[in-house]
Structure formats: C-alpha cells, structure tokens
2 protein chains.
Amino acid sequence: MEPTIKDVAQRAKVSTATVSRVLNGQHWVAEQTKAAVLQAVQELNYKPNAVARSLMNAQTKTLAILFPNVSDMFSGTVLSGIEDAAHERGFSVIVCKTGGGHDRTLSYLQLLAEKRVDGIIFASEVLREEYSSFVQQVRIPLVVLSGESVQPEIPTIRCNDHQAAYAATSYLIGQGHEHIGMLYGGAHETPEQNGRLTGFHEAHRDHGLVVVPEHVLCLEGFAFKDGQAGGARLLHQAKGLTAIFASSDELALGVMSAAYARGIQVPSDLSVMGFDDLPLAEMSIPPLTTVRQPLYGMGRRAATMLLDHIQDIKKLEGHAVFPTTIIERKSVRRL
Amino acid sequence: MEPTIKDVAQRAKVSTATVSRVLNGQHWVAEQTKAAVLQAVQELNYKPNAVARSLMNAQTKTLAILFPNVSDMFSGTVLSGIEDAAHERGFSVIVCKTGGGHDRTLSYLQLLAEKRVDGIIFASEVLREEYSSFVQQVRIPLVVLSGESVQPEIPTIRCNDHQAAYAATSYLIGQGHEHIGMLYGGAHETPEQNGRLTGFHEAHRDHGLVVVPEHVLCLEGFAFKDGQAGGARLLHQAKGLTAIFASSDELALGVMSAAYARGIQVPSDLSVMGFDDLPLAEMSIPPLTTVRQPLYGMGRRAATMLLDHIQDIKKLEGHAVFPTTIIERKSVRRL
DNA sequence: CTGAAAGCGCTTACAG
DNA sequence: CTGAAAGCGCTTACAG
C-alpha cells in the first residue's frame with residue numbers, strides 16, 4: 001500500500017497534524033521537526049493523497065471544459081490556452097466531448113457535478129437554459145466561451161462577430177469585390193442573432209452594395225465537408241461571384257476544394273476569406289487570408305476568470321470581448 | 001450547502017448505509033425503502049460526492065493522457081478515441097500538455113500521482129526510464145501510445161512504422177518513382193530505431209534502388225514549419241527528385257508549401273506522400289496521398305486496455321499493433 | 001511550536 | 001432487508 005500521512009508521522013515521530021503543516025507550509029514549524037518530516041517523506045516516498053485533501057477543503061483543483069468535438073484545431077487551440085493557465089496554478093483540466101448531443105451534455109454535467117469540479121468552461125455550443133440552470137443549481141462557476149449564452153448574467157468570452165465580419169467584408173469590398181458570397185454555419189440561431197451574417201450585411205449597406213439572397217448560404221456546421229458542399233452549391237447557383245467569405249477556416253478550405261474541383265483558381269478566379277486563423281490557415285495553398293480570433297488567449301482567459309474567482313481574487317462577472325484582426329495572406333486578390 | 005447522504009437518510013428515515021445501497025444498487029433493498037430513498041434524493045436534488053466515494057474505494061474513475069502538444073490534429077484525433085471509450089465506462093479524462101519538456105512532464109506525473117488517477121496514457125514522446133520508474137513506483141497502470149518505450153514490459157499501442165514506410169515507399173516505386181526524397185522527424189532516436197526510415201531504406205534495397213544520402217533529411221519535429229524548411233532544403237540540394245515521402249502529414253503539407261513557393265507543381269512536377277491521414281490530409285490541395293494510422297481506434301484501444309485492467313477484466317500486457325493503409329488521393333502521380 | 005480529536009461524505013463488513 | 005460503527009487519508013480549530 002501507498003504510505004499515508006500516518007506512516008510519515010510515525011517515522012518522523014510527530015503527529016499527523018505536524019506533517020500536514022510542513023507539507024502545506026503555513027504555520028510555523030521548528031526547523032528541526034520540519035527537516036525530520038521532510039526526510040521521512042523522502043524515505044517513504046510519500047505522495048499526499050489529493051482526494052482526501054479535496055474532501056477536506058472542498059476543492060478538487062480541477063476545471064472541466066465541454067466541447068462539441070475535440071479533434072478539430074479550434075478546440076485544440078482553445079484547450080491549449082486553458083491547459084497552460086490551469087497548470088500554472090496547479091489545476092488539472094478534464095475534457096468532455098459532447099458531440100453537441102443533448103443527453104450526453106447533460107450526463108457530463110451530472111458527472112462533473114458529482115466529481116465536484118471547481119469550474120466549467122462551456123465552449124462553442126448554445127448554452128441552453130436547461131444546462132445553465134443545472135450548473136447554477138449545483139453552484140459550479142461557469143464561463144461560456146465563444147458560444148451564445150442566452151442569459152446575460154453568465155460570463156462570456158468572445159469576439160465581436162458582427163464587427164469582425166463587418167471588417168472582413170469591408171476589406172473584401174476595399175479590394176474591389178462587389179459580388180461576394182457568404183457561407184455561414186449556425187443552424188441553431190436565427191439570422192438576426194448571427195453576428196457574422198449581420199456584419200456581412202451591414203458592410204454591404206454602408207458601402208452602397210446590395211446582398212443578393214442567393215449569394216448567402218446557411219450551413220449545418222463549420223466543418224470542411226459543409227464548406228465543400230456549400231461551396232459547390234454557391235459556385236453553381238451564384239454565377240459571377242468574385243469572392244466568398246466563409247465563417248470559419250475549415251469552411252473556407254472546403255470552398256477552395258470545391259473551386260479546385262471545378263478548375264476555378266484561387267485567388268485569380270475567385271477570392272476566398274476565412275474566419276478563425278487556425279494553424280491550417282497558413283498550411284493551405286494558397287495560404288488563407290482570414291480573420292484571426294485569438295483562440296489561445298481566449299482559452300487562457302476563460303480559465304483565468306474561473307481561477308481568479310475560485311481563489312477569491314476576483315468576482316466572476318462580465319463579458320470579455322477579444323479583438324479580432326485581419327490576416328492577409330494569399331487567397332484574396334485585389335481586383 | 002450541498003445536501004449529503006446524511007440529509008437524504010434523514011428525510012427518507014433510513015440509515016446512510018441504506019441510502020448508499022440503493023444508490024449503488026448491489027444489495028437487496030425493499031422496494032418500499034428504495035422508493036422512499038429515491039424520492040428523498042429527488043426532493044433534495046442530491047448528487048453523491050464522488051470525491052468521498054473515491055476515498056473509500058480507492059478509485060477516482062479518471063484517466064490521464066500526456067501529450068507533448070494538444071493543439072494539433074494528431075492529439076485531437078487520439079483524444080477523441082480515448083474520451084469516447086472512457087465516457088462509455090463512466091470515466092473522465094484529464095489532459096496534460098507537456099510541451100515535450102522534462103520538468104513539466106515530471107511535474108505532471110507528480111500531480112497525477114497525488115490525484116490518484118487510475119491510469120495514464122503516455123502519447124507520442126519517448127518514455128524515459130525516469131518517467132516509467134516513477135509511474136511504476138506509484139503503481140499507476142501505464143500505456144504508451146505511438147511512442148518509443150525503452151522498456152518492453154510496458155504495454156504499447158502502435159503501428160508498425162517500418163512496415164508502413166516500406167509499403168509507402170514501395171507504392172511510390174510502383175508508381176514509377178526512382179528518385180525519392182525522405183523527410184523524417186525524430187531527433188530523439190538513432191536512425192536505426194526509426195522504423196519509418198528503415199522501412200524507406202529496405203524498400204529501396206528490395207527493389208534494387210540505392211538511397212542517395214543527400215535525399216534524406218532528419219528534422220527536429222513533425223510540424224508544418226519543419227516540413228516547409230526541410231522541403232525547401234531538399235528541393236534545393238537534391239535536384240532530380242520526382243517524389244518526397246514525409247513521415248507526417250504536416251511535414252508533407254510543408255513540403256507542398258515549399259514546392260508551391262518555388263513554382264513546382266504537385267503532383268505534376270513532384271509527388272508528395274504523407275503519414276497519419278489526419279483530417280487535413282483531405283483538405284489540402286491537391287488532397288494528400290498518405291499512410292493512414294487509425295488514430296481514433298488507437299486512442300480507444302489505449303483507454304480500453306487501461307480500463308479492462310482497472311476493472312479487472314483483463315491483465316494489462318502486450319503490445320497492440322494496428323494495421324496501416326495507404327490512402328490514395330491526388331498528390332502522387334504515376335510516372 | 002505541537003498534539004489529540006473531530007470531521008469531510010461516503011462505503012462496508014458485522015450484527016441482527 | 002437494515003442499522004451502528006469503523007474507517008478511507010487528510011486538515012483544522014482547540015488546547016497547551
């Protein structure tokens with residue numbers, strides 16, 4: 001069996017209370033006793049049992065993150081930021097893949113509640129009322145990352161989608177494009193809620209351009225396949241397009257793939273612009289011009305907000321909105 | 001405060017032992033009492049405290065996975081498999097990003113030991129003697145995934161790299177290529193240990209071809225940047241190459257990017273073949289011909305091996321080697 | 001500075 | 001079928 005604090009105490013000829021004190025290093029302990037304890041710890045190769053400790057101080061030092069999917073680079077980059085921030089403060093992170101499924105999401109929430117995680121980050125799905133009330137009821141701090149929270153009192157980390165799409169569209173228009181197609185994912189929202197779509201429209205309006213309804217397509221998701229299918233449809237039904245703005249990088253790559261399949265050259269025949277700036281944006285040929293969301297930083301921030309709250313440094317509230325930048329690469333041509 | 005088992009017992013007018021029994025459902029409990037308990041659970045909205053439970057049965061129902069990096073698709077796909085398998089059996093998974101760093105790896109191992117995780121999956125790094133002896137000493141079941149374990153007694157999940165590279169190279173040769181370059185990542189191993197390299201060589205030998213030393217390049221890592229730099233060097237120093245075999249998909253995309261930058265067309269001027277078959281392999285232009293490793297399945301298997309051991313279904317031992325397949329897409333041209 | 005004791009929220013023999 | 005009691009491995013007032 002693993003040695004316990006009792007074994008250490010015995011060997012060091014002190015009480016378990018003292019061992020605990022030197023290990024947690026708050027109270028004063030005489031140098032001598034301290035040394036004796038440390039030596040016993042060494043000799044026995046004692047590792048404190050964090051679960052017993054958690055039971056006492058009602059803190060598990062673990063955060064959980066819920067993703068619809070975990071194998072795309074979006075999740076990966078966000079997770080990377082979360083993980084770094086958590087690790088710096090001695091926390092672990094549990095990742096949960098909900099598949100966007102209702103039941104699975106709920107079953108995770110139940111599990112996390114039982115495991116008494118100290119905080120939850122809900123990423124990239126709609127935070128249904130049912131979820132948030134569950135979490136509220138078990139009193140676990142919650143932050144929504146880059147998804148729509150229906151309730152304004154729940155802290156949120158995001159970019160200003162509307163503004164970002166406005167800037168991207170204006171950029172395209174500035175490059176001389178007047179016939180721009182749009183592909184957006186988000187079957188869960190109404191068009192008015194979709195900032196990337198409204199930004200697209202407003203930019204047109206402000207530049208005295210009209211959006212042809214057939215030029216914009218609402219897709220199921222944000223994945224490559226969606227972009228491929230959507231791109232093909234758009235290329236077919238909307239002749240005369242000189243550019244397509246896709247609301248994710250994967251979608252944009254899908255469009256490029258669809259164009260490639262029909263012998264349409266990017267950017268000479270068609271300009272393509274993405275959204276996110278995932279690592280794959282610079283791997284594509286031609287490298288993708290896109291809107292950068294600081295995903296790593298957003299992940300860090302989500303974790304930090306939770307951690308600051310847990311460690312009583314700062315109240316959990318407010319909405320962090322991150323700035324977005326246009327990354328010019330090679331997929332957009334100046335007309 | 002959250003209701004405890006005591007509150008439930010009181011309200012249902014039974015002992016905590018009984019509550020525990022109905023919640024864990026082993027012993028017989030009279031239907032009546034059972035109903036009363038369940039109702040109390042409902043009314044109080046009681047959620048069992050998993051940490052207290054863990055303390056009793058010395059099981060945390062959590063697995064940990066160590067990756068050097070978490071934002072690439074390799075990790076993402078593997079993680080996806082692990083997560084699914086774990087979730088099906090009621091386990092959670094903690095992910096740790098070591099950055100390949102020695103100290104950070106050790107600090108994670110220490111943390112995981114204290115948290116008493118039930119199993120560890122070590123992915124894609126060299127399992128140093130120091131790590132494995134640490135883990136052995138704290139008696140946490142360990143599986144190495146797709147990395148080199150120095151010690152044969154530690155269970156391992158992998159593909160047969162040598163055989164896969166042999167097949168890939170033979171495929172290229174079969175397509176009429178005789179001047180093939182090779183890019184491999186793995187500064188940590190000797191060339192003889194690198195199966196992908198030895199397979200490349202053996203295929204040449206068996207086909208009566210010689211490998212020109214300048215045609216093969218050892219890179220620091222497996223990332224896009226490495227491939228870009230390596231590809232550029234190779235294209236520069238090795239004239240007359242008709243194909244390049246890269247030991248990862250990212251590396252292959254890097255090569256394609258380097259080729260593109262010099263106006264070399266893939267596959268008409270140069271064929272490129274990758275390794276892994278990550279999602280991005282089919283997103284590239286042209287879509288990448290590559291060697292498929294069943295990463296998702298390998299992740300599942302790693303978790304399942306651990307879980308079977310933990311739940312006493314099967315002893316933890318042996319090495320699972322997964323089959324590899326060549327996925328023909330558009331980046332290789334028949335000469 | 002240090003120890004005895006209670007308690008965190010469960011589970012599990014042991015009786016009955 | 002059910003309860004009283006001990007115990008899992010820690011931490012933390014409370015005394016001294």
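This one's a predicted model, so the numbers in the text were calculated from it and none came from an experiment. Naming: A, B, ... by sequence-line order, numbering from 1 per chain.
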- Please report the C-alpha distance between B:Q110 and B:L106 in whole Å, then the side-chain angles of each, then the deciding distance to 0.1 Å, and finally whether the side chain to side chain contact (heavy atoms under 4.5 Å, CB included) criterion is met. CA-CA 6 Å; B:Q110 176 76 29; B:L106 239 31; over 6 Å; no
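For the atom pair A:L79 CG and A:F67 CZ, the distance stands at 5.0 Å (nearest 0.5 Å).
B:D276 and B:F74 get closest at one heavy-atom pair: OD2-CD1, 4.0 Å.
Nucleic acid contact class of A:V51 (heavy atoms, under 4.0 Å, all strands): none. Residue contacts for A:A30: at a heavy-atom cut-off of 4.0 Å it reaches the sugar-phosphate backbone alone, with no base atom in range.
A straight line from NZ of B:K13 to P of D:dT2 spans 15 Å, rounded to a whole angstrom. Note: CG (A:L23) to C1' (D:dT11) measures 12 Å, nearest angstrom. As a whole-Å value, the separation of B:K47 NZ from C:dG9 P is 16 Å. The CE atom of B:M56 sits 14 Å away from the P atom of D:dA6 (whole-angstrom rounding). Rounded to whole Å, the distance from CG on A:L55 to P on C:dT11 is 12 Å. Atom CH2 in A:W28 sits about 21 Å away from atom C1' in D:dG16, given to the nearest Å. The nearest whole Å value for the distance from the NZ atom in A:K34 to the P atom in C:dT2 is 11 Å. To the nearest angstrom, P of C:dG7 lies 22 Å from CZ of A:R53.
When the nearest nucleotides of DNA chain D are assigned to A:E2 and A:A17 by heavy-atom distance, the more 5′-ward of the two goes with A:E2. Residue B:N49 is the one, among B:N49 and B:R21, whose nearest nucleotide of DNA chain C lies closer to the 5' end (criterion: closest heavy atom).
Phosphate proximity of D:dC10 to A:N57: absent, as no side-chain N or O sits under 4.0 Å from OP1 or OP2. Remark: B:T33 is in phosphate contact with D:dT2, judged by side-chain N or O atoms under 4.0 Å from OP1 or OP2. Side-chain nitrogen and oxygen atoms of A:T16 include none within less than 4.0 Å of the OP1 or OP2 phosphate oxygen of D:dC10. Contact check, A:T4 against D:dG9: no side-chain N or O comes under 4.0 Å of OP1 or OP2.
Within the 4.5 Å cutoff, no side-chain heavy atoms of B:M73 are placed close to those of B:L295.
Remark: C:dA15 base-pairs with D:dT2; criterion is Watson-Crick or G-U wobble with both hydrogen-bond distances under 3.5 Å.
At most 12 heavy atoms of other shown residues, nucleotides or ligands fall within 6.0 angstrom of atom NZ in A:K34.
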